[in-house]
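Notes follow the structure.
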Amino acid sequence: MQREIQVNERPGFGPGLLLSLQHLFAMFGSTVLVPNLFGVDPSVILLMNGIGTLLYILICKGKIPAYLGSSFAFLGPVGVVLAWSGDHMDNYSKALGAFIVIGVVFVLVALLVKVAGTVWIDFLFPPVVMGCVVALIGLELLPVAADLAGLLGKADPSTGAVVYSTNAILISVITLSVTVLGAVLFRGFPKIIHILIGIAVGYIAAYLLGEVNTAAVAEARFLSWPDFTTPSWDIAAILTILPAALVVIVEHVGHLLVTSNIVGKDLSKDPGLHRSLMGNGISTILSGFVGSTPNTTYGENIGVMALTRVYSVFVVGGAAVIAILLSFSGTFSSAIANIPGPVMGGVSLLLFGVIAVSGLRILVEQKVDFSKSVNMLLAALILGVGLSGITLTIGSVTLKGMALATIVGIVVNIIFRLIVLTGLSNEKDDIQPETKTPDL
């Protein structure tokens with residue numbers, strides 16, 4: 001069985017470089033997609049995500065292996081602001097002011113958590129809630145991976161019929177197959193970097209099939225300077241974008257829980273959820289001042305750790321350093337940015353699936369008793385709300401999937417606890433007086 005590389009272990013330079021590249025490739029497609037949709041320079045986002053990740057690791061005392069990338073939670077409300085009348089970049093500047101405010105909110109929540117402690121996590125997230133929420137993190141991302149992989153097809157504008165790309169499906173299947181087979185057939189160091197090998201093979205296959213945009217790579221300048229943008233302050237923009245902070249905070253807590261489960265340590269207590277939130281908040285504040293998007297911990301990188309059993313913060317930090325260097329090279333960043341969607345879709349099917357299985361692992365290892373109606377009902381409601389497509393819109397912010405399911409799970413869990421405490425429950429042993437966060 002492959003040995004785990006723990007959080008504080010430092011691999012040698014050569015192996016460490018390849019492991020860092022593996023993390024970089026896993027997150028790159030998603031983190032540059034957000035600025036592309038916003039119509040801003042991806043290089044500045046890549047730069048600040050790298051700097052933000054290093055700051056996060058420092059603030060968390062080198063105890064949490066997490067990569068900070070561009071958050072998708074802001075696509076909706078930022079899209080509303082960018083659609084306002086006037087110059088596009090002026091509107092984006094207003095959005096940057098809102099991003100800074102969101103970073104401040106993260107810092108304030110972090111200070112509140114430091115004062116209140118983490119006992120509330122055990123109260124709000126008993127194993128049944130935690131396991132289902134973690135599973136949803138992966139499950140709600142799987143359709144995104146399947147779409148990237150070309151497995152869902154595209155609607156023909158003229159006929160409305162769903163059309164499938166043979167090349168896309170072939171590329172995604174090759175990428176996924178090499179990655180999966182590498183995990184069970186490779187030995188030694190190649191087994192640890194089987195994700196990187198799968199992406200590389202998929203990239204080569206895409207190139208041979210003519211699916212790589214070589215013109216964009218050729219036209220990019222080898223050395224380039226990120227295009228910075230300064231923020232401006234607009235109360236309407238702040239009020240439009242600010243509610244999305246709730247989604248990212250819930251997402252952040254969920255990611256920390258699943259990372260704790262993977263590395264086998266309760267990271268919400270040591271170094272603490274407050275440090276994790278503080279790192280995310282400060283990174284987002286700095287990003288907003290130069291034109292970058294709000295950050296969040298990335299599920300793709302969590303999946304890489306779960307598959308490779310490599311949890312080293314030096315590896316994650318190495319990926320951040322490489323990202324910073326690439327932000328000043330148009331050629332290299334373009335080469336990675338133009339990795340075809342089917343390549344990343346193929347590998348993401350596995351990465352997101354692993355996160356979903358990590359949630360099921362919590363349910364099994366914490367011995368959640370589904371013969372008790374409360375546990376069964378909590379799991380049913382969380383999964384039902386998370387996977388059904390139900391949405392709750394508040395202003396310009398839409399809660400759905402994992403974020404909405406987490407809120408539902410917390411509220412219903414509190415109601416069930418109150419029913420037990422008041423003696424109204426017909427199964428008084430359903431909810432245990434104490435629950436424990438997984439500490440493997």
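These values consider heavy atoms only, across backbone and side chains, with no hydrogens, waters or symmetry-generated copies.
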Open item on the list: In terms of relative ring orientation, are Y92 and F99 parallel, tilted or perpendicular, with 30° and 60° separating the classes?
Closed with: perpendicular

TODO: Just say parallel, tilted or perpendicular for the rings of F328 and W225, cut-offs at 30° and 60°.
DONE: tilted

Which heavy atom of [X] sits nearest to which heavy atom of [Y], and what is that distance?
X	Y	answer
P231	I100	CG-CD1, 3.7 Å
V101	L242	CG1-CD1, 4.1 Å
G69	N49	CA-ND2, 3.7 Å
N280	T297	OD1-N, 4.2 Å
P340	A206	CG-CB, 3.5 Å
L349	A149	CD1-CB, 4.4 Å

When rounded to the nearest 0.5 angstrom, what distance separates [atom1] in [X] from [atom2] in [Y]?
X	Y	atom1	atom2	result
L47	L325	CG	CG	10.0 Å
I5	M305	CD1	CE	13.0 Å
I171	I339	CD1	CD1	12.5 Å
L55	N295	CG	CG	10.0 Å
I51	L46	CD1	CG	10.0 Å
I64	S260	CD1	OG	7.5 Å

TODO: Can you establish whether the number of heavy atoms outside F370 located under 6.0 Å from its atom CZ is more than 12?
DONE: yes

Task: salt bridge (Lys or Arg N to Asp or Glu O under 4.0 Å) contacts in which one or both residues fall within residues 316-325, not counting sequence neighbours - done: none

Run the side-chain donor-acceptor check on residues 135-148: report pairs under 3.5 Å with partners two or more places apart or on a different chain.
from	atom 1	to	atom 2	distance (Å)
E140	OE1	M402	N	3.3
E140	OE2	M402	N	3.2
D147	OD1	K154	NZ	3.3

- [ ] Under the side-chain contact (heavy atoms from CB on, under 4.5 Å) rule, what do F228 and S292 come out as? Steps first, then yes or no, please.
- [x] CA-CA 8 Å; F228 297 111; S292 185; over 6 Å; no

Task: V248 vs F106, side-chain contact (heavy atoms from CB on, under 4.5 Å): CA-CA, chis, key distance, verdict - done: CA-CA 9 Å; V248 186; F106 258 85; 3.5 Å; yes

Tell me if a side-chain donor or acceptor on [X] pairs with a main-chain N or O of [Y] at a distance below 3.5 Å.
X	Y	answer
S329	F222	yes
S312	E9	yes
D227	S43	no
D156	A161	no
T53	L68	yes

Between [Y] and [X], is there a side-chain heavy-atom distance shorter than 4.5 Å?
X	Y	value
Q22	V315	no
F314	S20	no
R309	K191	no
L257	V133	no
I410	I407	no
F352	E300	yes
V128	Q366	no
I197	P190	yes

Open item on the list: If you apply the rule side-chain contact (heavy atoms from CB on, under 4.5 Å), what do you find for I362 with E365, and how did you get there?
Closed with: CA-CA 5 Å; I362 291 175; E365 293 186 348; over 6 Å; no

- [ ] Would you please say whether a donor-acceptor pair under 3.5 Å links the side chains of S70 and Y298?
- [x] no

- [ ] Using the side chain to side chain donor-acceptor pair (under 3.5 Å) rule, collect all pairs that involve residues 165-188, keeping only residues at least two apart or in two chains.
- [x] N167-E211

Open item on the list: Under 4.0 Å between a side-chain nitrogen and a carboxylate oxygen: does that hold for K63 and D270?
Closed with: yes

- [ ] Using the side-chain contact (heavy atoms from CB on, under 4.5 Å) rule, take I195 and L351 through it: C-alpha gap first, then chi angles, then the decisive distance, then the call.
- [x] CA-CA 9 Å; I195 299 170; L351 296 179; 3.9 Å; yes

